[in-house]
Amino acid sequence: MARDFEKLLSGFVNRIEESSTLRMAQMARNLKAKGYDVINLSLGEPDFDTPQHIKDAATAALNAGITKYTPVAGLLELNQAIVEKFKRDNNIEWATENIVVSNGSKQSFANVCFALINPGDEVVIFSPYWVSHYEIVKMTGGVPVEVKAGIDQNYKITAQQLEKALSPRTKMLVFSSPCNPTGSVFSKEELEAFAEVLQKYPDVIIVSDEIYEYINFTGNHTSIGSLPSVADRTVTLNGFAKGFAMTGWRIGYMGAPKEIAKACVKFQGQVTSGASSFGQYASSVALRSDLKPTFDMVKAFKKRRDLLISLVKDIKGMKCNKPEGAFYLFPDISAFFGKSYGKTKIKTAEELCEYLLNHAHVALVGGEGFGAPNCLRISYAASDQDIRKAMNRIKEALEELKYT
Ligand code: GLU
């Protein structure tokens, strides 16, 4: 007898949305496996390989027998390198007891959410937000409170907006800078204005996702955790995937007040334990080495941003701003809603992405999962050639859409 396994799935898992970035990436892989020439601009993944000296460090670690369990909070070597890095790059003073290494900064975010949020607690999230920030908050029973900024305000929330969203029920504030998906970067002054507003809410924990820290075209990255008035209640998340082209290595980390760090270790210890030992060792080498390979990648990303913006300007109906970091463009594409291809009417960003995947063989991500249903996300962590080819195909496919 065939069983209906779907009926057995928990309410918990049924309430979670699938990650739209990972879903589009998988749809692109599936189409590619069928022999189509698909250009994948869905996933935020540098097209560069991990720098050789980091790979060599992992090989050396394997050969030296660094192949065993590590402490849940991380290999001491890496924890120390992270303490030095926080001091060097972020002006944040943490000791090793404040550091928790994880299997990617996504896990770091899950750790801190499960360690802090009680059902019903409000979590203020700047929107557009990264898909998993929102969903993980929901998983804990927390109530996401979105504060929205559109393209007209460069996707940047103001301190006044933040003030309106905070309440005695707020447990946590979450944002990323540089932001995934918008590429917006908060300046020191803007962060100071947030910190000022937060003085009225001394129990709110700030979670600052800085995974795109190095991919910042302004030349200035400020960590909100470096501001004295909020330093003791800021959890700073980071990882190796983006800045060191190490997406598949799965190494992330946080710096947090020690009680929170300890709670995260307890939680992570029950679900995954420590991250991969040789990956952690190589990550310590990455942090302690010359960052030239990282900044060479950043130079390339900046050129690609400019290239992509110039190509988008050629597409009537696509409206974009000029992001200052990360490697995404987040254009408003609502001008295409209501147009059709044959009998199929495009009503949403996701439908437009599906159309573009199937007709132009270019994978993008709809804005719905990021809290911005009028937009879509284009990753430009791809070669100039692929960007040009993709945008050409997109332009042609969009020109085929008509009002019927
Ligand atoms: N963070 C990347 C993105 O937004 C990778 C996907 C993921 O980690 O969920 O595309």
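Counting starts at 1 for both ligands and their atoms, in listed order.
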Review point. Which residue supplies the protein heavy atom nearest to atom 9 (O) of ligand 1, what is that atom called, and how far is it?
Key: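 Atom 9 (O) of ligand 1 sits closest to the protein heavy atom K106 NZ, 2.9 Å.
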Would you please indicate yes or no on a ring centroid separation below 6.0 angstrom for F126 and Y155?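 Here the rings of F126 and Y155 have centres that are no less than 6.0 Å from each other.
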F301 ring center within less than 6.0 Å of F48 ring center:
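Aromatic pair counts; centres sit under 6.0 Å.
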Can you find a side-chain donor-acceptor pair between W249 and T50 that sits under 3.5 Å?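 Yes, T50 and W249 have a side-chain donor paired with an acceptor closer than 3.5 Å.
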I need the contact type for [X] against ligand 1. Using non-hydrogen atoms and a strict under-4.0 Å cut-off, is it side chain, backbone, both or neither?
X: M24; value: neither
X: K242; value: side chain
X: F327; value: neither
X: V131; value: neither

If you look at every heavy atom in T247 and G44, which pair is closest and at what distance?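 Heavy atoms of T247 and G44 come nearest at CG2-O, 4.3 Å.
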Exercise for the section: Work out whether the distance between some heavy atom of E45 and some atom of ligand 1 is less than 4.0 Å. Expected result: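 No, E45 has no heavy atom closer than 4.0 Å to ligand 1.
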>> To the closest 0.5 Å, what do you measure between OG1 (T222) and CG (N91)?
In response: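 Output value for this atom pair is 9.5 Å.
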- Classify the angle between the aromatic ring planes of F240 and Y253 as parallel (below 30°), tilted (30 to 60°) or perpendicular (above 60°).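 Aromatic pair F240/Y253 classed tilted.
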**Report entry** Identified side-chain hydrogen bond (donor to acceptor under 3.5 Å, both in side chains) partner of Q161 from the options K148, Q153, K156
**Finding:**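 Among K148, Q153, K156, the one meeting side-chain hydrogen bond (donor to acceptor under 3.5 Å, both in side chains) with Q161 is Q153.
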### Task
Could you tell me whether some N/O pair between S42 and ligand 1 is separated by less than 3.5 angstrom?
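No; every N/O pair is 3.5 Å or more apart.
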request  = Report yes if L22 has an N/O atom closer than 3.5 Å to an N/O atom of ligand 1; otherwise report no.
outcome  =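 Such a contact does not occur with ligand 1.
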Requested in this report: Heavy-atom contacts with N180 under 4.0 Å: which atoms of ligand 1 show up? List them by number with element.
Outcome: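 So the atoms of ligand 1 that pass are 1 (N), 3 (C), 4 (O).
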